[in-house]
Amino acid sequence: MPSDNTSQLSVSSNLGIALSIRSYTRQLSQHHHNHHQLVLPLHGNIELDIANDKQTIGPKCCAIIYQGELHSFAADECARFLVADLTDLPSKYLPQYQHYVSISDAFYAFIQYVEKQLAQPEFDAVSDTLTPLFWSLLATQTSTHAIDKRLAPVLETMATQLANPLTLSDLAKQAHLSLSQFKAVFHQQLGTSPQQYLTNLRMEKAKALLSYTDLPISLVAEQVGYQNASAFSRRFKQVYGQSPKAFTQR
DNA sequence: TTTCTTAAGGAGAGACAGGG
DNA sequence: CCCTGTCTCTCCTTAAGAAA
């Protein structure tokens, strides 16, 4: 019912797959579809409730909404995500009914590529190749696994409280794990350290804020948890190869 | 086997100054 | 207003070994 959403760019195919890049300016109340739907955040976070299974997810995670399941969601103002509507799902996803999984770096890189391609005026030339490739990558994902229940609240905290100082010991407490166990479980599940994951989230959000808002650099730094704009600027350049200002002037 | 502790090294963040 | 260099300090990562 929805919908104050901006479904900006999309491509569909005779494979029964429709891909679109979307952002939402307010929450969508409960609804369902006659097809399966995957939601893959590109920037920012999205808070989902799928059949009473609630979680906030960010980049490198995927929400799976099975056909007919009631769901609702709300997203950050600057959040953008790839939505895939599918009449069918690879068989590996069907028996499990897991709503939230992590995805591989390669798959995440691909959805970033899709975002860029859909933004090109000449994207028709490559659109025929996007959906079969999406399906193939989805079907051959080997690193896809359900997110450990103990990490779910931690990931939510990281996703929703980026602007606040977050220490590993506090996050470990939230997961009911010792610090060392927390770091081990986190690395096993996400393939990266908690600190690196947090930095990535901060940089992704900063990139989104710089792309879709007119906020000054100092405010962007503040909103992604940096009290010092110079530290933010340095980190941003290290990650993306250009300063925040240069990024906004592309 | 799993979990925890410890210590060394390194990465990242803050503060400040200077320049464009 | 923003970026960069430098210094300092905190705290995170990693690895090894101990304990449960």
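Every value quoted in this text rests on a predicted model; they were computed, and no experiment measured them. Hydrogens, waters and symmetry mates are skipped; everything else that's a heavy atom, side chains included, is used.
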Contact letters for nucleotides 3-14 of chain C, in which S counts primed atoms plus P, OP1 and OP2 and B counts the base, heavy atoms under 4.0 Å: SBBB-----SBB

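Close placement of the A:His71 and A:His31 rings is indicated, their centers lying within 6.0 Å of each other. Centroid-to-centroid, the aromatic rings of A:Phe134 and A:Phe107 come within less than 6.0 Å.
The shortest distance between side-chain heavy atoms of A:Cys62 and A:Ile64 falls below 4.5 Å. A heavy-atom distance below 4.5 Å is found between the side chains of A:Gln223 and A:Leu209. For the pair A:Arg80/A:Ile21, a side-chain contact is recorded, criterion being any heavy-atom separation below 4.5 Å from C-beta on. Taking the side chain as every heavy atom from C-beta outward, A:Ile111 and A:Phe81 never approach each other to under 4.5 Å. The closest side-chain heavy-atom distance from A:Lys237 to A:Phe247 is not below 4.5 Å.
Side-chain contact annotation: A:His99 with A:Glu69, donor-acceptor N/O pair under 3.5 Å present.
The residue A:Tyr226 sits close only to the backbone: its heavy atoms come under 4.0 Å of sugar-phosphate atoms, none of a base.
Each of A:Ile46, A:Leu19, A:Leu82 was evaluated against A:Leu40; a single residue qualifies, A:Leu82, per the side-chain contact (heavy atoms from CB on, under 4.5 Å) test.
Inter-axis angle, ends of the helix from B:dT1-C:dA20 to B:dG20-C:dC1, five pairs per end, rounded to 10 degrees: 40°.
A:Tyr108 places a side-chain N or O within 3.5 Å of a backbone atom of A:Leu42 that can act as its donor or acceptor partner.
First and last contacts of DNA chain B with chain A, using any nucleotide atom under 4.0 Å from a protein heavy atom and ordered 5' to 3', fall at B:dT3 to B:dC16.
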